[in-house]
Undergrad: 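I am attaching a structure below and will ask some questions about it afterwards.
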Number of protein chains: 2
Amino acid sequence: MMIRTSTAVGGAARIAEKLGAAILGGTYKPHDLVPGEIELCRRFGASRTVVREAFKLLAAKGLIASRKRAGTYVRAREEWHMLDADVLAWRLRDGEAEPKLVFDLMHARAVIEPAAAAMAARARTPATLAAIERAFADMERAAHSAVLFAEPDVRFHKAILTATDNDVMTAFGALIEAALGIFVDVATRHPGAPAPSVPLHGAVLEAIRRRDAEGAHRAMMALLDRTARNVERNVASGKRRKARQTSASARV
Amino acid sequence: MMIRTSTAVGGAARIAEKLGAAILGGTYKPHDLVPGEIELCRRFGASRTVVREAFKLLAAKGLIASRKRAGTYVRAREEWHMLDADVLAWRLRDGEAEPKLVFDLMHARAVIEPAAAAMAARARTPATLAAIERAFADMERAAHSAVLFAEPDVRFHKAILTATDNDVMTAFGALIEAALGIFVDVATRHPGAPAPSVPLHGAVLEAIRRRDAEGAHRAMMALLDRTARNVERNVASGKRRKARQTSASARV
DNA sequence: CGCGACTATATGTCAGACATAATAACGTTC
DNA sequence: GAACGTTATTATGTCTGACATATAGTCGCG
């Protein structure tokens with residue numbers, strides 16, 4: 001199992017994690033300099049090699065860049081790779097979450113996923129359809145528990161993206177995954193099993209099965225509508241509650 | 001000592017560039033090991049430090065991972081961050097381009113951009129509208145040359161994404177930019193100025209200006225339709241011609 | 001034939017040195 | 001005193017050689 005509270009795990013990755021979260025959290029703002037390599041060596045108890053490798057991890061995501069003599073600075077916000085799963089996770093995790101981001105994600109999903117469902121209805125093969133069906137079956141089985149529901153739910157949505165047979169659409173899976181991770185987080189601290197959403201998922205599956213592109217589009221839209229209402233209802237209460245739990249939400 | 005055979009520029013970035021292109025180009029396939037650090041030091045005439053930093057750049061994009069003793073290997077294709085601008089560029093650039101990817105990109109644009117135009121029509125502010133107008137004006141001025149047209153064209157589409165006031169939609173800018181880079185490449189080696197597409201862009205702008213969401217959606221759809229037909233017409237000839245120019249396309 | 005101990009190997013980390021470029025400080029000239 | 005060229009400083013960039021660590025592969029034992 002391994003609990004690894006904070007120690008031991010990867011050198012560069014650990015530092016990048018902390019620094020990335022700090023940047024996304026606003027500790028270091030665009031055009032600010034991050035602490036110098038030597039200073040970070042001291043703080044993290046690591047060698048310059050490792051700190052520099054951490055820098056490269058963040059540089060690859062568009063977060064920082066370095067100039068000789070001047071130091072390493074945070075790049076302009078527009079340069080950040082916002083669709084990168086890690087960047088998204090850092091944004092969503094930081095204590096003072098941004099409710100607007102949650103809505104932005106929902107709106108983006110409302111654009112992408114219905115279209116994806118329609119494309120899947122047209123392009124599905126026996127194999128890709130089977131993957132969707134498997135995910136759906138697992139969802140039905142886990143419908144009583146929000147926690148157990150999460151995994152097949154993500155799998156369901158990703159399976160649809162894969163069934164589009166479009167590499168770019170498939171790539172949105174990472175986005176959906178990050179988004180659903182948060183929504184689940186919201187849902188779990190709210191009463192009520194996810195059972196009601198099962199038939200809505202079922203409708204999407206059914207439309208894809210009979211190659212009904214328009215129907216799949218509509219069904220996915222309806223599903224996301226329900227999710228959006230759920231989220232909207234819970235964002236306020238989540239906001240109230242975050243004050244006392246800072247960011248202690250354990251990743252299950 | 002170091003003889004620096006090639007052109008001196010960038011250390012880690014240069015190596016990451018080559019390796020990334022090689023992975024996306026299929027030289028190293030998923031689950032394959034890439035050459036060891038020492039071997040790459042030899043090949044690139046660099047120190048292990050630099051090679052390792054290059055590895056981190058690629059690791060951050062999901063392309064590779066390392067295990068002790070076993071070496072550094074290419075991760076499964078599903079793990080690659082396909083929406084990353086560099087990854088996309090590497091895919092598009094490699095000599096044996098994938099025509100399917102070009103179509104996938106077009107289809108994805110057809111999903112995202114009309115929706116973005118509609119959102120922009122609703123959410124635009126004087127400032128964001130002005131940015132779109134400026135880009136359009138520059139397009140009109142450059143309508144006679146495909147090369148000059150490219151920059152304001154990209155700016156136009158990105159300005160619309162920004163005007164949505166949705167961080168996730170805005171992030172698609174990198175995607176559009178990479179896609180347009182290729183389409184321009186195709187267009188330039190084909191006769192005819194981009195002038196005909198100007199009024200189509202103008203219609204989008206006009207709809208956004210009068211806050212007509214549905215109209216903006218339709219206009220953007222029409223614009224992309226034309227682009228799609230253009231691309232479709234030119235992919236075949238591009239394919240034929242790539243044999244003799246391998247990958248000598250100079251970046252303008 | 002299965003299993004534990006050992007070894008070789010590639011990555012992971014470290015410390016110290018020098019190279020490089022851009023800024024800041026200085027001093028000279030008009 | 002202001003403009004300009006020179007030097008010093010500083011943080012990143014690169015190189016080197018060494019040691020740490022985990023594990024795939026090998027060997028030998030039961």
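All of these numbers come straight from a predicted model, not from anything done at the bench. Reminder, nothing fancy here: chain letters follow the sequence lines and each chain counts from 1.
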Undergrad: Check the side chains of B:Asp153 and B:His201 for a donor-acceptor pair under 3.5 angstrom, ignoring hydrogens and angles.
TA: yes
Undergrad: I want to check something: taking the side chain as every heavy atom from C-beta on, are A:Asp138 and A:Arg155 in contact at a cut-off of under 4.5 Å?
TA: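 Yes, side chains in contact.
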Undergrad: Any salt bridge between B:Arg42 and B:Glu39, counting N to O under 4.0 Å?
TA: yes
Undergrad: What I want to find out is whether A:Asp86 reaches A:Arg93 closely enough, with some N-O distance under 4.0 Å, to be called a salt bridge.
TA: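 No salt bridge links A:Asp86 with A:Arg93.
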Undergrad: Roughly how many Å is it from CD1 in B:Ile64 to P in C:dT11, rounded to a whole number?
TA: 10 Å
Undergrad: Rounded to whole Å, how long is the line connecting atom CD1 of B:Ile38 with atom P of C:dA8?
TA: 17 Å
Undergrad: I'd like to know if B:Lys61 and A:Asp84 make a salt bridge, using a cut-off of under 4.0 Å between side-chain N and carboxylate O.
TA: no
Undergrad: Check the phosphate of D:dT12 against A:Thr72, side-chain N and O only, distance under 4.0 Å to OP1 or OP2. Yes or no?
TA: yes
Undergrad: Heavy-atom contacts under 4.0 Å between residues 43-56 of chain A and DNA chain C, which residues?
TA: A:Gly45, A:Ala46, A:Ser47, A:Arg48, A:Thr49, A:Val50
Undergrad: With under 30° as parallel and over 60° as perpendicular, where do the rings of A:Phe156 and A:Phe136 fit, or are they tilted in between?
TA: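 Aromatic pair A:Phe156/A:Phe136 classed tilted.
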Undergrad: Rounding to an integer number of Å, can you tell me how far B:Lys68 NZ sits from C:dT13 C1'?
TA: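 One finds 9 Å between C1' of C:dT13 and NZ of B:Lys68, rounded.
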Undergrad: What I want to check is whether an N or O donor and acceptor connect the side chain of B:Arg69 with the base of D:dT21 at under 3.5 Å.
TA: no
Undergrad: Check if the side chain of A:Arg67 and the base of C:dA21 share a donor-acceptor pair of N or O atoms closer than 3.5 Å.
TA: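 By the distance-only test, no, there is no pair.
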